[in-house]
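To start, the structure itself, in structure tokens.
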Number of protein chains: 2
Amino acid sequence: MKAVTITDIAKALNLSTSTVSRALKSSYKISEETQQKVKEYAAKYNYRPNLLAQGLKSMGSRSIGVILCAIPNSFFAEVLNGIEFIAASNNYHIIITQSHESYEKELNNLEQLLWKSVDGLLVSLSCETCDVEHFRNAQSEGTPVVFFDRVTNLIDTHTVVADNAKGTYEGTVHLIKSGCKRIAHITSAPNVSISKERLAGYIQALKEFHLPVREEYIKYCNHGGMISDEVEKAVNELLVLDETPDAILTASDRITIECFAMLKKRNIKIPGDIALTGFSNFSAPQLFNPALTTLKQPAFEMGKVATGLLLQLIENKRLPKDFEKRVLPIELHIRESTVRSQM
Amino acid sequence: MKAVTITDIAKALNLSTSTVSRALKSSYKISEETQQKVKEYAAKYNYRPNLLAQGLKSMGSRSIGVILCAIPNSFFAEVLNGIEFIAASNNYHIIITQSHESYEKELNNLEQLLWKSVDGLLVSLSCETCDVEHFRNAQSEGTPVVFFDRVTNLIDTHTVVADNAKGTYEGTVHLIKSGCKRIAHITSAPNVSISKERLAGYIQALKEFHLPVREEYIKYCNHGGMISDEVEKAVNELLVLDETPDAILTASDRITIECFAMLKKRNIKIPGDIALTGFSNFSAPQLFNPALTTLKQPAFEMGKVATGLLLQLIENKRLPKDFEKRVLPIELHIRESTVRSQM
DNA sequence: TTTATTTGTGCAAACGTGTGCACACATTAC
DNA sequence: GTAATGTGTGCACACGTTTGCACAAATAAA
């Protein structure tokens, strides 16, 4: 009942293990006849090469390490779906670790993954991460890294992101055209790439329509909405302003949900008092009350593209001269939460 | 810059690899002095045993294979969170595969995972699966299996489930007490364990309150709601009945969402025309329109418990005489979608 | 016939760890 | 003085695969 090995085949056919090994991969100079015999026997007894042994020789594991902040997050869950899809069809498996927005955990996860000799890394940085030296080291010691979603420009490698600036630009323009004039923006930690890009799109739209950019309308949640107190604080600070906003644009799944819940808890009418839209990959924003206008990222696609690029790096060994920055489109889905018929 | 090995340490300290190996695990008879020297050197040069080499010897990989239907599903994403939590803290990693409710894919995933020599398996069966022979084989050849959520009683092993019957029982009782008399039940494939248990709870409640159990009020979705046509067909069939239901109890995340969306599309008032409640682990059912009454499973807990039990099996080697069936409580969260003030 | 070339196969080492056994040395017992 | 016991260390092989090299046999060239 034990798994059949190359040695078993060799004994059974009265050959050496080297011949069997070479016959199986049709390499070197092995006679047609021997190849046939070996392959038949292997097929018959359902031979599967031992991956640990292969790994030990090649110092590879046919595995990809993934670092992201949390699995139970609509966006990342979809990304994982895409990653698994491409990885599985190329016979790699994925090892998923969660940073929970903590720099320290991210560091620890990286160490664990390298220890497990993953062949490559797919990373979305934690909110706390400023220093990316650890990833640079990983790369320079031979483990390629591809960043997605929350990326860094301090490391030369492939990156895959959504068109964040365009997303917030279009969201903001939509709000303006719906009649909103005092648009606030609640976003993630100021150091992560997505926050900067999303802020830029928001500002660009305001300027284009000659609306003032007010510091007090821009709020940061240093843990991306994972800590609801942070979102609550942001919302509170907006609501006590002399001129309260008439719209809020949120920059992540969790922030959107939390913000929505808080406005409802305070009995603020959406969109009557405050219009609301934001980034969200929830499966059913149309069922909300009111149905939520969302900026939806191509999460599944992002996972697929990032994994494809990583596999290229892994299998080419040598790092290419110029790296790619893939930018995927964001979809604006207009629903009730931003349609102000009463204006 | 290469990783330091046991051989490196041996050479540096003028010892044999065996001595170093034994010193590192404080085993056998190695003098205090030598142990100290070795451990110091190992710590200084940040020695990490090569897991592939260890795995090759021990035929283990310190990894756990997971088979479930889909990652981007609120319930399973939370379960994965729990699995990862326990696995990581015991220095195991998890390899996640998706069956997408297909028996064939489940079979294929299992084969891949065994090939990767996982030390154990955490499985939630696909909707299509009737024959579980493949898992029995895996177990009898030394890879322990723990089933969660969708389990089978055809294999003797640990299982972890929610208290499904009690969940639907309480949900149904709640609907009855809200004034509903014609309660329909849309559930998953009839062969999966959760469907049977949930159906049983529903029937028990009806009988206890002397309401008739009508075949035409019980609908099955053979792919657990993944195919929205199936849910649409079920809802349609309910709506063309002479006596249309005044409540629907749905049995899975996807079915709940799809059903909700279809009722809204048809402008059916919830709960006025039809009250709705169902199993759901969405993060924000309170934001729905109307806020959704849900049966929430302890998904994170389920992942933790299942992984704990699996690790026991893995580390004890010998299968225990009697296996555990852990049953976790389900929470009924009452919200607007079932509150019929107008009755 | 000898020498080169081709073709197919096997030997042995390697990847990094773990472990049964033997061995050297020291101590104790008779 | 010999035998038994105890203590610490190293040898050698194993896990399953890959691969450089050698080598035997067959064929071709000189």
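All chains are named by letter (A, B, ...) in the order of the sequence lines, taking the proteins before the strands, and each is independently numbered beginning at 1.
- Applying the side-chain contact (heavy atoms from CB on, under 4.5 Å) rule to A:Glu104 yields the partners A:Ser102; only residues at least two apart in sequence or on another chain are considered.
- Rounding to whole angstrom units, CZ of residue A:Arg22 and P of C:dT7 are separated by 16 Å.
- Computed from coordinates, the A:Leu56 CG to D:dT18 P distance equals 12 Å when rounded to whole Å.
- Comparing D:dT9, D:dG16, C:dG18 by their nearest atom to the side chain of B:Ile30 picks out D:dT9.
- Remark: A:Thr17 is not in phosphate contact with D:dT18, judged by side-chain N or O atoms under 4.0 Å from OP1 or OP2.
- The side chain of A:Leu15 lies closest to C:dG10 when the candidates are C:dG10, C:dG16, D:dG16.
- The closest side-chain donor-acceptor pair between B:Glu106 and B:His134 falls under 3.5 angstrom.
- OP1 or OP2 of C:dG18 has at least one side-chain nitrogen or oxygen of B:Gln54 nearer than 4.0 Å.
- Which of C:dC15, C:dT9, C:dG18 sits closest to the side chain of B:Ser21 comes down to C:dG18.
- Rounded to whole angstrom, the span from the CH2 atom of A:Trp115 across to the P atom of C:dG16 amounts to 16 Å.
- Nearest to the side-chain atoms of B:Tyr47 among the listed nucleotides C:dT9, D:dT9, C:dT17 stands C:dT17.
- Taking 3.5 Å as the limit, the base of D:dC11 and the side chain of B:Ser18 contain a donor-acceptor pair of atoms between them.
- Taking the C1' atoms of five terminal pairs at each end of the helix from C:dT1-D:dA30 to C:dC30-D:dG1, the two resulting helix axes are inclined by 70°, rounded to 10°.
- Listed by first and then second residue, the side-chain hydrogen bond (donor to acceptor under 3.5 Å, both in side chains) pairs involving residues 51-68 of chain B are B:Ser61-B:Ser63 (not counting sequence neighbours).
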